[in-house]
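Worksheet for the structure shown next.
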Amino acid sequence: MVLAREARTAPRQIAEAVVRHLDPQGTLVERAEVAGPGFINFFLKEEWLAAVLRGILAAGPDYGKVDVGRGQRVLVEFVSANPTGPLNVVSARHATVGDVLAEVLEWAGFSVDREFYVNDAGNQVRMLGAAMDVRVRQLLGEDAELPEGAYPGEYLIDIAREYIAQYGAHDRPQGPPPWVGAAEVQPADGDNDDEEPAAPSRKWRHDPVYEAWLDRLARFAVERIVEGQKAVLRQYRVEFDRWFHESEVRAAGGPEAVVERLRQAGHAYEADGAVWLRSTAFGDDKDRVLVKRDGNFTYIVPDVAYHVNKFERGYHHLINLLGRDHYGYHVRLKAALAALGFNPDALEIIYLQMVHLVRGGQEVRMSKRRGEFVTMADFLKEVSVDAARWFFLMRSTDSELDFDLDLANLQTSDNPVYYVQYAHARICSIFRQAKAAGFAVEQALADAPLERLVEEPERELVRKLAEFPDEVELAAVRREPHRLTRYAHEVASGFHSFYTHCRVLGEDAGLSAARLALCAATRQVLANALAIMGINAPEEM
RNA sequence: GCGCCUAUAGCUCAGUGGACAGAGCGCCGGCCUCCGGAGCCGGGUGCGGAGGUUCGAAUCCUCCUAGGCGCACCA
């Protein structure tokens with residue numbers, strides 16, 4: 001049909017010509033027929049079903065792996081939450097999608113690393129130090145108030161207490177903190193609940209001694225907070241190959257080098273006391289500041305340096321998962337990389353939509369500004385890792401996600417993750433029964449007369465199992481890990497249907513063996529799919 | 001104002017040029033002498049609107065409508 005125009009021939013005629021010239025000898029194709037407006041239907045030989053099952057059983061835990069990646073090195077950067085507080089539920093969605101995307105890319109033949117970027121430098125760390133200072137002084141019985149824009153979260157009180165316990169507070173400067181008496185600064189925008197604290201810190205008094213103290217406090221807090229983030233992610237079964245610190249990039253002079261290279265290349269210029277990137281030359285709708293009037297780098301500079309570092313480490317392709325609230329950032333980042341001579345197409349940004357928690361049909365309100373948000377740790381006290389991973393994976397990345405806490409905790413078939421796990425457990429149970437009945441399972445699987453699987457539910461299930469490698473490839477290539485939940489559910493559904501219609505263990509030993517082989521293949525596919533998703537495949541429930 | 005995302009069944013969502021548009025939930029009705037009923041089977045309504053491209057459009061293009069997000073010398 002695609003050729004019809006070019007060949008100036010009716011689609012059906014082309015199809016008929018193709019079919020006439022097909023030689024199915026020695027293939028699994030029985031015959032081919034022209035259908036409809038010009039489709040060609042291939043009818044597969046009965047042997048195909050048996051070949052699929054034998055292939056699955058032979059490949060075992062490797063069934064589903066494909067090699068579209070051909071070993072290309074890919075770096076997936078995800079979560080990368082600020083080291084200024086514990087991870088929240090939004091990070092949990094990022095952790096799930098990033099981890100499973102990385103895993104499915106591995107299955108598709110890419111060589112993948114997972115990385116977490118820790119923004120442990122710059123203004124926000126200074127604000128963290130300020131909040132720590134206030135908490136320390138409050139713990140020592142002084143009157144102290146958080147400066148404008150500081151992190152209000154109470155988690156810092158515990159960390160401040162730890163700091164005092166470990167180091168005391170003797171090296172604390174005696175004078176007033178640099179923000180006291182500084183000019184009042186209006187909050188950036190009073191009505192947005194979710195925005196990060198404002199950053200009026202350049203209005204602070206110059207006080208190097210106090211700044212050094214704030215820096216000590218901030219470093220201590222960052223270390224504790226990052227340890228906490230690592231711990232909860234480990235509990236969530238996400239392991240990063242590397243935690244890359246912004247301070248590493250800065251210590252190596254990365255930001256300075258980036259600005260210098262951009263100047264050399266003629267893509268940076270000075271205006272209004274700042275240094276600008278001519279990003280409009282690379283598709284951005286305005287030029288962007290690189291070095292602020294106060295001499296500090298904007299966020300993008302160390303980040304560009306970090307990405308240069310990624311390329312220098314030999315990755316062919318970079319994938320970053322960002323929150324929807326960072327939308328548009330990729331234009332700037334790609335512009336800067338292109339200005340430095342890198343291929344901007346080697347960087348791919350995926351934006352994840354919002355998460356809403358729903359309990360009892362009501363949305364759970366979360367606000368960063370008021371320090372009210374559901375931490376990932378608290379969240380995992382309510383929801384199992386298996387359920388959480390499934391639910392966060394269920395939706396496509398560009399769709400908002402309502403996480404129904406009540407449904408995720410249900411242990412019934414209403415809950416899709418249980419439905420799938422139940423199918424796996426049920427198959428395991430059949431094998432326990434078979435062994436108890438004295439069935440020589442290994443032998444039966446090896447010699448099973450697979451041609452006896454002729455019932456429609458049996459054949460339908462085999463066809464579904466055969467799709468798994470394609471599903472892996474599509475999930476990887478299209479960056480759609482959510483396909484895996486749908487596919488696993490379909491396999492489970494196909495199995496339950498087969499199970500209800502076909503008795504596995506019976507008096508006909510040959511038929512039983514063939515059906516056991518189908519069960520074994522199904523169990524393998526479910527286990528492999530769940531393994532990619534990082535979800536347990538229980539033998540009993 | 002500019003840019004991006006979303007709009008598909010009562011609800012939540014799949015479906016990125018092909019055959020009658022799918023699943024889960026909800027609703028109605030069936031199925032347990034037997035391998036785990038945490039299961040199975042049946043029942044019906046839909047592509048936000050208008051144009052266009054194409055042999056063929058939920059899918060691509062244009063405009064419109066509605067919702068969300070972004071447009072910092074914040075990170």
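What you see below is based on every heavy atom in this structure, not just the backbone, and it leaves out hydrogens, waters and symmetry mates. A, B, ... follow the sequence lines: proteins, then strands. Residue 1 opens every chain.
- To the nearest whole angstrom, the two P atoms, one in rG67(B) and one in rC73(B), are 30 Å apart.
- The partner of rA23(B) is rU12(B), judged by Watson-Crick or G-U wobble contacts that both fall below 3.5 Å.
- Formation of a donor-acceptor pair under 3.5 Å by the Tyr418(A) side chain with backbone atoms of Ala387(A) is not found in this model.
- At whole-Å resolution of the value, OH in Tyr151(A) and C1' in rC74(B) are 9 Å apart.
- The pair Arg463(A)-Glu456(A) meets the salt-bridge criterion, since a charged nitrogen lies less than 4.0 angstrom from a carboxylate oxygen.
- Closest to the side chain of Arg324(A), from the set rC69(B), rG36(B), rC34(B), is rC69(B).
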Per-nucleotide protein contact string for nucleotides 10-18 of chain B, where B marks a base within reach and S marks sugar-phosphate only (heavy atoms under 4.0 Å, - for neither):
--SSSSB-B
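- Residue Tyr418(A) places its side chain closer to rA38(B) than to any other of rA38(B), rC41(B), rC35(B).
- Separating the C1' atom of rA57(B) from that of rU16(B) is a span of 12 Å, rounded to the nearest Å.
- Nucleotides rC61(B) and rG18(B) place their P atoms 15 Å apart, quoted to the nearest Å.
- Within the 4.0 Å cut-off from OP1 or OP2 of rC41(B), at least one side-chain nitrogen or oxygen of Ser497(A) is found.
- With salt bridges taken as basic N to acidic carboxylate O contacts below 4.0 Å, none links Arg483(A) and Glu490(A).
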Begin from the C-alpha positions of Glu471(A) and Lys464(A) and carry the test salt bridge (charged side-chain N to carboxylate O under 4.0 Å, His left out) through to its verdict.
CA-CA 10 Å; Glu471(A) 286 296 325; Lys464(A) 184 54 70 180; over 6 Å; no
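- Taking for each of Gln353(A) and His326(A) the nucleotide of RNA chain B with the nearest heavy atom, the 5'-most of the two is the partner of Gln353(A).
- Between rA14(B) and rG30(B), the two P atoms lie 35 Å apart (nearest whole Å).
- Rounded to the nearest Å, the gap between the C1' atom of rA66(B) and that of rG22(B) is 26 Å.
- OP1 or OP2 of rG36(B) has at least one side-chain nitrogen or oxygen of Gln433(A) nearer than 4.0 Å.
- The phosphate of rC40(B) (OP1 or OP2) has no side-chain N or O of Thr500(A) nearer than 4.0 angstrom.
- The base-pairing partner of rC35(B), taking Watson-Crick or G-U wobble contacts with both distances under 3.5 Å, does not exist among the strands shown.
- Asp287(A) has its CG atom 13 Å from the P atom of rA72(B), to the nearest Å.
- The CD1 atom of Ile349(A) sits 5.0 Å away from the CG atom of Leu322(A) when rounded to the nearest 0.5 Å.
- By the 4.5 Å heavy-atom criterion applied to side chains, His307(A) and Glu77(A) are counted as neighbours.
- Among the nucleotides rC73(B), rA38(B), rG36(B), the one closest to the side chain of Asp272(A) is rC73(B).
- Between Tyr351(A) and rU6(B) there is no side-chain N or O to OP1 or OP2 distance below 4.0 Å.
- Across every strand in view, rC2(B) sits in a pair with rG70(B) that passes the Watson-Crick or G-U test at under 3.5 angstrom.
- In summary, the side chains of Asn320(A) and Tyr117(A) do not present any donor paired with an acceptor at a separation below 3.5 Å, with no hydrogens or angles considered.
- When distances run from any side-chain atom of Ala274(A) to the nucleotides rG36(B), rA75(B), rC73(B), the shortest one goes to rC73(B).
- The distance from atom CG of Leu128(A) to atom C1' of rA75(B) is 13 Å, rounded to the nearest whole Å.
- Comparing Phe498(A) and Ala271(A) against RNA chain B, the residue whose closest nucleotide sits nearer the 5' end is Phe498(A).
- Pairing of rA58(B), defined by two Watson-Crick or G-U wobble distances under 3.5 Å, is not identified with any nucleotide.
- In the interface, the side chain of Asn41(A) is paired with the base of rA19(B) through a donor and an acceptor atom under 3.5 Å apart.
- For Lys286(A), no side-chain nitrogen or oxygen approaches OP1 or OP2 of rG3(B) to under 4.0 Å.
- rA7(B) is paired with rU65(B) under the Watson-Crick or G-U wobble criterion, all donor-acceptor distances under 3.5 Å.
- When each of Glu246(A), Arg250(A), Glu115(A), Glu248(A) is paired with Tyr306(A), the side chain to side chain donor-acceptor pair (under 3.5 Å) condition holds for Glu115(A) and for no other.
- You'll find that the side chain of Tyr327(A) is closest to rC4(B), out of rC4(B), rA75(B), rC73(B).
- Ile300(A) has its CD1 atom 13 Å from the P atom of rC74(B), to the nearest Å.
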